[in-house]
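Indexing begins at 1, ligand by ligand and atom by atom, following the structure's order. Quick caveat, the model's predicted, so the values are computed rather than measured.
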Amino acid sequence: MTFSPRTLRRATVLAMLLASAVPAAARDFRIAVGDGAGGTQEALGLAFIKALEEKSGGADSGTLFLNGQLGDEQDTVTAAATGTLDFSILAINNITPFSPSVGTLTLPYVILSLEDAEKITQGEIGQQMVDRTVEDAGVRIIGWAYSGFRVLTNSKKPVTTVADLQGLVVRVPKNEIMIETYKSWGINPTPMAWSETFAALQQKVVDGQDNPYMTVHAMKFDEVQKYVTNIRYIFSIEPLIVSEQLFQSLSPEEQANVLAAGHEATLASGQFLRDQEAQIKTDLAAKGMEISDPADGEAEFIERATATVWPKFYDSIGGKEVLNGVLASLGRPTVE
Ligand code: MLT
């Protein structure tokens, strides 16, 4: 079959028009997610993908790999730093081993509300932590999920006092601040990767763990845990990180889209928690979880943890003044 020069010209123009209508480089970023479906991590990821698609006109998108399919949370930091993973959404306590400066957000009883968490992460102090994490760990925090207080769960007995905790085997992340906090409460916790936690609870290798209601629900911990104690020692913040290698390879416009999409997803995350947490707690109670408040307004837990744990970590978070900066910006008394 032969074509006239006119037909060929028309076909060429049509092909050029079609090519310009299709986004230049359709990218599908791989986003690791530590938790299961229905939690704050997934909600942050979905909001990020939606915003990124809108801002890039469909050129950039992403796929979430839930339930640690791309590796344990701490391993995803290394993978992103070395450029073998694009993005990850994980708890801040699993970034601290790579960038101790974000440990300020894991110190017990520093962040006391969702509003505190939003103020610190979205302000100047949050930006300093982003910069430090790029330097220390080779990953850039571009969004923040807010998941609520890490409540204590266990399969053995109601816990309302420090004395009740004695004898329980409690899993904690591999995070020195959290390990020391449990030690201040008189027990030696069991550090364990997040990806192994459900099986360890199910097989009764450990009796308990702590995580927010949203996470307990997303991970179906109600199937293997009975008792909940509303301790409030850490307000869980779960960043969305991007490989710095990947970020630096993007055009200025793509970088701006990624940052703006991360910001939009962050704002959506606060709203998601406000809308969902009370109902999730009610659902977990309806499924048979028994919920208690700590005795004496949690006074003994608070006193022991703040008196002994804070001073141990001044150096690793960058000095006492870093903690004081956070406390001052939250309108709270600083430490001497
Ligand atoms: C952990 O306990 O290791 C994390 O908080 C889990 C999570 O990302 O939800």
Side-chain angles (χ1 to χ4, degrees), residues 31-46 48 64-80 85 87-99 102-103 105-108 111 117 121 139 141 143-154 169-182 189-202 205-222 224-225 228-229 231-241 265 269 272-273 276-277 280 284:
I31 307 176
V33 181
D35 294 351
T40 45
Q41 293 188 355
E42 184 194 42
L44 182 82
L46 292 175
F48 171 72
L64 301 182
F65 293 84
L66 299 172
N67 275 314
Q69 286 172 70
L70 299 186
D72 182 63
E73 288 195 359
Q74 293 197 3
D75 294 339
T76 66
V77 179
T78 316
L85 174 66
F87 290 81
S88 176
I89 304 174
L90 72 169
I92 191 88
N93 45 271
N94 287 327
I95 299 183
T96 317
F98 307 92
S99 185
V102 295
L105 300 178
T106 320
L107 282 178
I111 303 293
T121 54
V139 297
I141 297 170
W144 308 86
Y146 307 105
S147 300
F149 289 107
R150 294 180 73 105
V151 295
L152 174 71
T153 68
N154 84 89
V169 182
V170 179
R171 172 270 170 183
V172 288
K174 295 177 186 170
N175 175 299
E176 287 305 321
I177 296 175
M178 297 164 89
I179 294 169
E180 287 302 319
T181 303
Y182 275 89
T190 306
M192 183 184 286
W194 180 229
S195 52
E196 292 162 19
T197 304
F198 185 93
L201 293 167
Q202 190 172 42
V205 175
V206 293
D207 303 319
Q209 63 86 46
D210 67 64
N211 258 294
Y213 280 109
M214 302 299 291
T215 311
V216 170
H217 186 256
M219 299 305 290
K220 300 189 176 22
F221 280 179
D222 51 283
V224 290
Q225 297 280 268
V228 184
T229 313
I231 53 171
R232 297 148 55 93
Y233 83 120
I234 291 175
F235 185 97
S236 188
I237 296 173
E238 322 224 4
L240 165 61
I241 58 172
S269 178
F272 182 78
L273 186 66
Q276 302 282 323
E277 194 180 30
I280 293 291
L284 289 171

Open item on the list: Return the closest protein heavy atom for atom 9 (O) of ligand 1 as residue, atom name and distance.
Closed with: Asp35 OD1, 2.8 Å
TODO: Select one of side chain, backbone, both or neither to describe which atoms of Asn211 lie under 4.0 Å from any atom of ligand 1, heavy atoms only.
DONE: side chain
Open item on the list: Counting C-beta onward and ignoring hydrogens, is there a side-chain heavy-atom pair between Val170 and Val206 closer than 4.5 Å?
Closed with: no
TODO: May I ask you to list the atoms of ligand 1 that are less than 4.0 angstrom from any heavy atom of Arg150?
DONE: 1 (C), 2 (O), 4 (C), 5 (O)
TODO: Please state which part of Met219 comes within less than 4.0 Å of ligand 1, counting heavy atoms only: side chain, backbone, both or neither.
DONE: neither
- [ ] Do me a favour and list the nearest non-hydrogen protein atom to atom 8 (O) of ligand 1 with residue, atom name and distance?
- [x] Glu73 OE2, 2.4 Å
Task: Polar atom proximity, Ser236 to ligand 1 (N or O, under 3.5 Å) - done: no
Open item on the list: Show the atoms of ligand 1 that are less than 4.0 angstrom away from any heavy atom in Pro173.
Closed with: 1 (C), 2 (O), 3 (O)
Task: Geometric N/O contact Asp210 with ligand 1, under 3.5 angstrom - done: no
Open item on the list: For Gly103 versus Thr96, what's the shortest heavy-atom pair and its separation?
Closed with: CA-CG2, 3.5 Å
Open item on the list: Within the 4.5 Å heavy-atom criterion, are Val139 and Phe98 side-chain neighbours or not?
Closed with: no
Task: Enumerated ligand 1 atoms positioned under 4.0 Å from heavy atoms of Thr215 - done: 9 (O)
TODO: Taking all heavy atoms of Val33 and all of Glu42, pick out the closest pair and write down the distance.
DONE: CG1-N, 4.3 Å
- [ ] Answer side chain, backbone, both or neither: which part of Gln41 comes under 4.0 Å from ligand 1, heavy atoms only.
- [x] side chain
TODO: Specify the protein heavy atom at minimum distance from atom 4 (C) of ligand 1: its residue, its atom name, and the distance to 0.1 Å.
DONE: Ala91 CB, 3.5 Å
Task: Under-4.0 Å heavy-atom contact with ligand 1, by part of Thr197 that carries it - done: neither
Task: Nearest non-hydrogen partners of Glu277 and Phe149, listed with the distance - done: OE2-N, 4.4 Å
Open item on the list: What protein heavy atom lies closest to atom 3 (O) of ligand 1? Include the residue and the distance to one decimal.
Closed with: Arg171 NH2, 2.9 Å
Open item on the list: If I compare all heavy atoms of Leu44 with all of Ala265, which pair ends up nearest, and what's the gap?
Closed with: CD1-O, 3.5 Å
Task: Heavy-atom closest pair, residues Asn93 and Arg150 - done: OD1-NH1, 3.0 Å
- [ ] Please report the shortest heavy-atom distance between Ala145 and Ser269, naming the atom on each side.
- [x] CA-OG, 3.1 Å
Open item on the list: Looking only at side-chain N and O atoms, does Thr121 offer a donor or acceptor that is under 3.5 Å from a partner on Tyr146?
Closed with: yes
